[in-house]
Amino acid sequence: MSGHIHIVGGGLAGLSAAIELAGAGERVSVHEAGPACGGRARSYVDRHLGCRIDNGNHLLLSGNRAVNRYLGLIGAQQTLTGPMRPVFPFMDLGDGARWTLDLSRGKLPLWVLSRRRRVPGMRLGELRSLLRLMEADPDTVVSDCLQPGALSSRLLEPFAISVLNTMPDVGSAALLGAVVRESLAQGGRHCLPRFPREGLSESFVDPALAHLSVMKAQVHTGSRISAVEVGDGRVTMLRGTGQDAITIGPDDAVIMAVPAPVASSLLADRVPGFNAPDAFEAIVNAHFALPYAPVATGGLAQARFIGLVGGISEWVFIKDHILSVTVSAANRYATYDPDALARHIWNEVRAALDPALTVPLPEEMPPMRIVREKRATFAATPAQDRMRPGTRTMLPNLMLAGDWTETGLPATIEGAIRSGAAAARAIRERRGA
């Protein structure tokens with residue numbers, strides 16, 4: 001094919017687009033402003049902890065079709081791990097109750113008939129909440145769909161917060177319903193928990209970069225695009241900080257795969273009709289480095305993670321000697337002192353894990369790292385969801401990609417990868433390929 005496709009942004013959306021296009025024989029260049037690709041889904045060496053950690057935790061599902069395709073294209077399918085059954089251990093920090101959500105493998109939800117496999121205290125009538133979510137209109141918030149009861153308080157509300165990264169009283173029911181349709185409604189085969197065996201970069205970034213190298217695509221890190229020039233109804237030039245301008249020829253195209261605030265700063269005054277979310281939610285991740293790898297028993301040994309209800313912590317992952325905790329919708333904790341927040345989280349981790357470990361965790365908090373991503377995702381409210389742009393723009397040689405674009409899903413890895421593939425497909429369609 002003639003022409004050169006420039007992808008601005010080396011996160012998972014940009015890498016997904018690059019993989020699709022390079023595999024189709026297109027000339028591709030990726031321009032990443034940072035020192036490494038991966039965006040909000042990468043690994044790095046933390047000097048304080050003296051080890052490599054992920055900048056965030058991501059719990060994937062076996063039914064994430066775009067993730068599975070992406071990993072298949074880059075030869076990294078075997079880098080994910082997780083239990084071989086659709087099981088999700090939980091603990092309620094309020095009353096100490098423990099249970100394991102054990103889903104049926106098929107679409108028929110037989111798990112709801114077993115007290116041992118379902119949320120303790122739930123009533124079958126509460127399942128109407130799931131139907132309301134899947135049928136919700138774009139203006140409905142999650143809390144309006146939930147019936148009071150154990151299913152909502154112990155599963156659906158925590159599920160909404162972790163999936164939307166937004167509180168249920170303002171979060172979009174339609175977006176959460178889309179996730180329910182692709183997961184719970186499809187049965188347990190689509191809900192097997194999956195996470196990187198080693199790290200996010202080892203699964204999603206390093207194999208992608210190796211594949212792009214084989215396909216002769218160019219990946220430039222430390223390459224910040226600071227301005228986009230437009231003329232005659234198309235992008236004509238990309239200007240970078242401390243580098244030569246990149247001329248966009250008649251047969252060239254651009255995919256803007258940067259975070260929403262960056263895209264707005266580059267495109268808002270240049271692309272007719274451009275719009276993007278402008279409200280965001282934080283995510284806090286706490287990493288604790290133990291001097292040994294804890295040995296778990298029972299269901300925790302199989303799952304290697306546990307969901308927490310009734311506290312600050314939401315998910316705790318055991319990654320060798322690192323205990324990694326996720327706190328979603330974290331704007332509400334913005335004023336907390338980081339050390340005090342870490343101590344509170346550590347106490348919750350001990351309460352959750354100690355009964356399932358062969359050796360209890362130390363009372364004294366080990367070396368830790370708090371990673372606060374202030375603009376981790378757009379706020380998944382109905383109003384912000386309406387501001388998400390589509391893949392195509394009014395400029396025929398400019399496409400958009402990112403989990404903040406109109407993917408039909410909240411801001412997730414699955415959505416980011418879908419957006420990149422959609423941008424690549426749109427470029428080839430417009431060029432008649």
Side-chain angles (χ1 to χ4, degrees), residues 40-41 54-64 67 82-83 86-93 99-101 103 119 129-130 133 141-143 145-146 151-184 190-196 200 280-287 303-318 323-333 345 348-349 352 371-373 375-381 384-385 403 407 409-416:
R40 298 188 303 276
D54 292 335
N55 67 340
N57 296 310
H58 296 271
L59 186 61
L60 302 154
L61 296 176
S62 54
N64 291 150
V67 168
V87 292
F88 297 82
F90 281 94
M91 177 193 176
D92 190 325
L93 291 165
W99 67 95
T100 296
L101 185 67
L103 302 176
V119 176
S129 297
L130 293 172
L133 288 171
V141 298
V142 172
S143 58
C145 297
L146 303 185
L151 180 63
S152 292
S153 63
R154 287 182 160 176
L155 179 62
L156 297 184
E157 289 178 2
F159 179 60
I161 293 171
S162 61
V163 169
L164 300 179
N165 195 35
T166 305
M167 296 302 289
D169 60 334
V170 294
S172 166
L175 288 178
L176 185 62
V179 176
V180 172
R181 282 194 296 273
E182 295 190 12
S183 55
L184 283 173
H190 291 253
C191 297
L192 297 175
R194 291 292 176 261
F195 41 84
L200 288 167
F280 304 92
E281 267 284 357
I283 292 179
V284 168
N285 287 279
H287 305 279
R304 307 298 291 176
F305 70 88
I306 186 171
L308 302 183
V309 178
I312 292 178
S313 309
E314 291 179 289
W315 298 97
V316 182
F317 294 86
I318 301 177
L323 299 180
S324 191
V325 183
T326 297
V327 180
S328 301
N331 285 2
R332 52 192 163 146
Y333 304 122
I345 292 173
E348 293 182 343
V349 170
V371 180
R372 188 191 299 271
E373 186 77 42
R375 291 181 169 182
T377 69
F378 71 93
T381 65
Q384 289 294 305
D385 188 38
D403 59 15
T407 65
L409 295 174
T412 59
I413 285 181
E414 173 74 6

Minimal non-hydrogen separation, I345 against V327, with atom names: CD1-CG2, 4.0 Å

Partners passing side chain to side chain donor-acceptor pair (under 3.5 Å) against R194 (at least two apart in sequence or in another chain): none

Partner set under side-chain contact (heavy atoms from CB on, under 4.5 Å) for T381, not counting sequence neighbours: T166, V170, A379, A383, Q384

Residue that, paired with T326, satisfies side-chain contact (heavy atoms from CB on, under 4.5 Å) out of V284, N57, N165: N57

Any side-chain heavy-atom pair of M167 and I161 under 4.5 Å: yes

Side-chain touch L409/L175, heavy atoms, less than 4.5 angstrom: no

Worked verdict on E281 versus R375 for side-chain contact (heavy atoms from CB on, under 4.5 Å): CA-CA 6 Å; E281 267 284 357; R375 291 181 169 182; over 6 Å; no

Verdict with reasoning, F88 to L59, per side-chain contact (heavy atoms from CB on, under 4.5 Å): CA-CA 11 Å; F88 297 82; L59 186 61; 4.3 Å; yes

Side-chain (S162) to main-chain (P158) donor-acceptor, under 3.5 angstrom: yes

Residues 303-318 side chain polar contacts: donor-acceptor under 3.5 Å, at least two apart:
from: S313; atom 1: OG; to: E348; atom 2: OE1; distance (Å): 2.6
from: E314; atom 1: OE1; to: S328; atom 2: N; distance (Å): 2.3
from: E314; atom 1: OE1; to: S328; atom 2: OG; distance (Å): 2.9

Spacing of F159 atom CZ and L101 atom CG [to the nearest 0.5 Å]: 10.0 Å

Partners passing side-chain contact (heavy atoms from CB on, under 4.5 Å) against A282 (at least two apart in sequence or in another chain): A330, N331

Polar side-chain atom of D385 near backbone of A380 as donor-acceptor pair, under 3.5 Å: no

Side chain to side chain donor-acceptor pair (under 3.5 Å) partners of E157, counting only residues at least two apart: none

Steps toward side-chain contact (heavy atoms from CB on, under 4.5 Å) verdict (F90, L155): CA-CA 9 Å; F90 281 94; L155 179 62; 4.0 Å; yes

Residues forming a side-chain contact (heavy atoms from CB on, under 4.5 Å) with V87, sequence neighbours excluded: P83, R85, T100, D102, Q302

Spacing of N285 atom CG and D54 atom CG [to the nearest 0.5 Å]: 9.0 Å

Residue pair S183 / H190: nearest heavy atoms and the distance that separates them: O-CB, 4.3 Å

Closest non-hydrogen atom pair, S152 against L146: OG-CB, 3.5 Å

Nearest-0.5 Å distance, CG of residue N64 to NE2 of residue H58: 12.0 Å

Euclidean distance, I413 CD1 relative to L60 CG, rounded to 0.5 Å: 5.0 Å

Side chains of V163 and L176 in contact at under 4.5 Å (non-hydrogen atoms): yes

Atom of N55, atom of V371 and distance for their closest heavy-atom approach: O-CG1, 3.9 Å

L164 CG to T377 OG1 distance, which is reported to the nearest 0.5 Å: 8.5 Å

Closest contact, heavy atoms only, S143 versus D169: OG-CA, 3.4 Å

Heavy-atom closest contact (C191 atom, L103 atom, distance): CB-CD1, 3.7 Å

Derivation of the side-chain contact (heavy atoms from CB on, under 4.5 Å) call for R181 and V179: CA-CA 5 Å; R181 282 194 296 273; V179 176; over 6 Å; no

